[in-house]
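Down below is the structure, laid out as structure tokens.
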Amino acid sequence: MTELDIIERYKDTVFKIAYAYCKNKSDSEDVFQEVFLRYFRKGPVFKDTDHEKAWFVRVTINCCKKLLLSSWFRKVLPLED
């Protein structure tokens with residue numbers, strides 16, 4: 001399976017989870033990139049598709065939590081519309 005197949009398979013799941021945690025598009029896109037970057041760097045081997053999907057879900061949640069707990073994120077104030 002190629003990298004594009006992996007992205008195509010899990011892009012919606014990863015983005016929806018990230019958006020549910022981060023509550024904005026730009027942070028969700030950052031998490032999305034981080035998740036797939038970790039996948040391509042690590043190159044994990046999975047037993048089956050359920051294991052693969054669980055890995056993407058767990059890594060997405062962990063990346064969101066890491067972002068939300070970062071000191072930069074806690075000290076930044078959003079711009080007013």
Side-chain angles (χ1 to χ4, degrees):
M1 185 173 293
T2 67
E3 290 87 5
L4 292 176
D5 293 336
I6 293 294
I7 292 172
E8 193 62 36
R9 179 182 287 178
Y10 294 109
K11 68 180 181 180
D12 292 334
T13 303
V14 170
F15 188 79
K16 286 177 184 178
I17 292 169
Y19 193 81
Y21 270 83
C22 298
K23 308 276 192 273
N24 71 57
K25 186 178 176 188
S26 63
D27 289 335
S28 301
E29 290 169 347
D30 290 343
V31 169
F32 180 91
Q33 287 180 346
E34 179 65 26
V35 169
F36 285 102
L37 188 63
R38 285 185 185 190
Y39 174 79
F40 295 130
R41 282 185 180 161
K42 187 173 181 181
V45 177
F46 303 108
K47 295 182 278 186
D48 55 16
T49 56
D50 289 337
H51 183 222
E52 185 177 64
K53 183 175 182 178
W55 185 91
F56 276 100
V57 168
R58 177 50 41 199
V59 170
T60 303
I61 292 169
N62 289 344
C63 287
C64 289
K65 287 180 179 180
K66 183 179 176 182
L67 175 71
L68 295 174
L69 292 174
S70 70
S71 62
W72 181 87
F73 191 80
R74 286 184 280 155
K75 293 179 183 178
V76 171
L77 297 174
L79 295 174
E80 298 292 326
D81 285 338

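One is the number of the first residue; the rest follow in order along the sequence.
Nearest heavy atom pair, residue E52 against residue I6, reads OE2-CD1, 3.5 Å. Smallest separation of non-hydrogen atoms from V35 and W55: O-CH2, 4.3 Å. Among all heavy-atom pairs drawn from C64 and A18, the shortest one is SG-CA, 3.6 Å. Closest non-hydrogen pair, Y10 versus T49, comes out as OH-O, 3.7 Å.
By the 6.0 Å contact criterion, CD on E29 is enclosed, its count of non-hydrogen atoms from other residues, nucleotides or ligands being greater than 12.
Hydrophobic clustering, with ILVMFWY side chains joined whenever heavy atoms are under 4.5 angstrom apart, keeps V57 apart from L37.
Using a 4.5 Å heavy-atom cutoff, the side chains of R9 and D5 are not in contact. Here the side chains of L67 and D30 are not in contact, with every heavy-atom distance at 4.5 Å or above. A heavy-atom distance below 4.5 Å is not found between the side chains of T60 and E34. Inter-residue side-chain proximity for C63 and R38 is flagged as met; some heavy-atom pair is nearer than 4.5 Å. Here the side chains of I7 and F40 are in contact, with some heavy-atom distance below 4.5 Å.
Ring-plane geometry between Y19 and F15 is classed as parallel, the angle between the planes falling under 30 degrees on a 0 to 90 degree scale with a further cut at 60.
Checked by atom type, the side-chain pair E3/Y39 shows no donor-acceptor distance below 3.5 Å.
Between F56 and F36, the distance from one ring center to the other falls under 6.0 angstrom.
The distance from atom CG of N62 to atom NZ of K65, rounded to the nearest 0.5 Å, is 6.5 Å. Between the CG atom of L68 and the OH atom of Y21 there is a distance of 9.0 Å, given to the nearest 0.5 Å. Rounded to the nearest 0.5 angstrom, L4 CG and K11 NZ are separated by 10.5 Å.
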